[in-house]
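Right, one structure below, let's go through it.
Counting starts at 1 for both ligands and their atoms, in listed order. Numbering of residues begins at 1 and proceeds along the displayed sequence.
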Amino acid sequence: MGIAARFPAVAAAVLLGAALVPASAVAAPVTGPVAVGTGGAVVSDTPESTEAGLAVLRAGGTAADAAVAVAATLGVTDPYVAGLGGGGYLVYYDAKAHKVSTIDGRETAPASAGPDLFLDPATGKPLSFPTAVTSGLSVGVPGMLMTWQQALQRWGRFRLADVLRPAEAVADRGFRVTATLREQTRQNAARFAQFSSTSALFLPGGQLPEVGSTLRNPDLAATYRQIGREGVGALYGGSVGADVVRTVHDLPLAPGATLQPRPGLMQLGDLAAYRALSAAPTHVRYRGLDVYGMAPSSSGGSTVGEALNILGNFDLRDMDRVQALHHYLEASRLAFADRNRYVGDPRYTDVPLAQLLSPGFGRQRACLIDPGHALTSPVAPGNPAGSGDCVPAQPSQARQPDEGTHTNHFVVSDRWGNVASYTNTIEELGGSGIVVPHRGFLLNNELTDFDFTPLQAGVPDPNLPAGGKRPRSSMSPTIVLRGGQPWLALGSPGGATIITTVLQTLVNRVDFGMSLPQAIAAPRASQRNSASTQAEPAFLQDPAVPGLEALGQRFTVNTTSPLDPSITIAPDIGVAAGLEFLGHGQVLAAGEPTRRGGTAAGVVMPRR
Ligand code: GLU
């Protein structure tokens, strides 16, 4: 029997409201990137969200209960990448059932959307990416809250109202503005200033918030409280939903706004029709491990899985570092060619998932890797239904999709051995830029993850917009079992670089023998079937790089915003969070030491 059923509602509320949200939830003690201990663990982007999860674990919550508390708190403290206005994907290991399951909480296109969603009616040409992002048109029906509800129903012990309480407390009291939040605000200041609701919340007095000042969000606290009272119907058909719909149609433009963003299509019926889906996880075997990931509508599980299947044909440990990295880059290059061609929302397009993840297809693609030379991108997709023979690599004319690069990933485990690996997003940093007036949360721009037009003329594109369809994601929440027991939980933000970050971290841990903290901290490179591989500056210091360049690998460092090339951004790739289960209930919790200002790892009972 769940704790909510055993205790009267009031008792449960007191338990969570009073005992679980100490003042320290604001000046939280959890700050380091690594923690080891027992009783459960959390790694998330901010100290407050990690502390909220730990508080729920201490009170007897499961990993699912704690995950909802973390996600809701991130809606307060990580407002430009997560929250009620977005969606995400949850991969969950249920210890009692010995089973990995998933929840697909991806946003959907409104029913009235068609393939011309992002075409300018005046010209028939696609809108520019920045124009589409900052608009009502890009706002998908949010799936976040339905994911929370489903996670609690399937694996929780607490009620939604109870696990929202830590987030309400942080929103009411406020939290300390960090250099990271100020920098994220700077990158968005021009477009946030276009919307009165957004500037009122995030540009106090028309200025960037000072580092060290307190950011409060009483509107969001009230929204959470209303959802706690009324249930998820408050959003999916109720008055919170009505406010979302009003906002996307009647954009809250600031006096003197210079942009004329396009309004959106969402109706209350779209919210009422929203469903979170429970797809079977993807599964591949790699070096004797069972790797579970997110199935389409995300391309995360299929692309990480295919790349691992390709790499499974080689012994990276026997190679020198140049060859091992060359194989990592080439496997990723080939897997991305297949992802772009074949993966979309499986309810709308026939995704050959089993073939993409078959070891035979991995062999067929692996045979294209030339140890003496990098392939020329874009390489053409393979034929997953093919004979398995080695078909020479063909060049392709396909464009690479435009994709955003910001969200967050967090991981949670509990004392029973349940594990949650959960990636949250509103797509771009700052989403659509539109805060729902008096509700305290930003709306996503997830629909810009659709291809606006086919990537290649004459070739079917699985990721064109359609009514009710989910745009293809790259989110890759991952859980790895060893000998049937959880060994690793892992994920990252970073748009399409999510896939390579998860892949590289796995290769670092499994093949290169790094510890999990080392595997996460190591410099990254992301090859996505493009002529040049995106790299962090520190990766270019790797002694293997000249050898890779001699093989024809090319590298570029990205330092500009996809929304505005005049805005500089940190050239980081991904912000990973992971857990490693050490046996005897011990967990190693590992986040980022420096990327995005460092992330917060914590355990219920630290090892002494
Ligand atoms: N919209 C991205 C995706 O679904 C995630 C956002 C990000 O990390 O950039 O793949």
Looking only at side-chain N and O atoms, does [Y] offer a donor or acceptor that is under 3.5 Å from a partner on [X]?
| X | Y | result |
| --- | --- | --- |
| Y80 | T185 | yes |
| T505 | N508 | no |
| S377 | R528 | no |

Given 3.5 Å as the limit, does a donor-acceptor pair link the side chain of N529 with the main chain of V379, or not?
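Such a contact is found between N529 side chain and V379 backbone.
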I'd like to check whether [X] has a polar contact with ligand 1, where a contact means an N/O of the residue lying under 3.5 Å from an N/O of the ligand.
| X | result |
| --- | --- |
| R472 | no |
| G495 | yes |
| T425 | no |
| G494 | yes |

Salt-bridge criterion met for R339 and E306 (N-O under 4.0 Å)
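Answer for the salt bridge query: no.
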With heavy atoms of [X] as the reference, note each atom of ligand 1 found under 4.0 Å away.
| X | answer |
| --- | --- |
| M475 | 4 (O), 10 (O) |
| D449 | 1 (N), 2 (C), 3 (C), 4 (O), 10 (O) |
| I498 | 8 (O) |
| E427 | 1 (N), 2 (C), 6 (C) |

Specify side chain, backbone, both or neither for E446, according to which of its non-hydrogen atoms lie closer than 4.0 Å to ligand 1.
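Just the side chain.
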Measure H409 to ligand 1 on non-hydrogen atoms and call it side chain, backbone, both or neither using the 4.0 Å cut-off.
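None of H409 does.
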Which pair of heavy atoms, one from I499 and one from T303, lies closest together, and at what distance?
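Looking at all heavy atoms of both residues, the shortest contact is CG2-CG2, 3.7 Å.
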Side chain to side chain donor-acceptor pair (under 3.5 Å) between R472 and S299, intermediate numbers included
CA-CA 7 Å; R472 176 179 63 215; S299 61; 4.6 Å; no
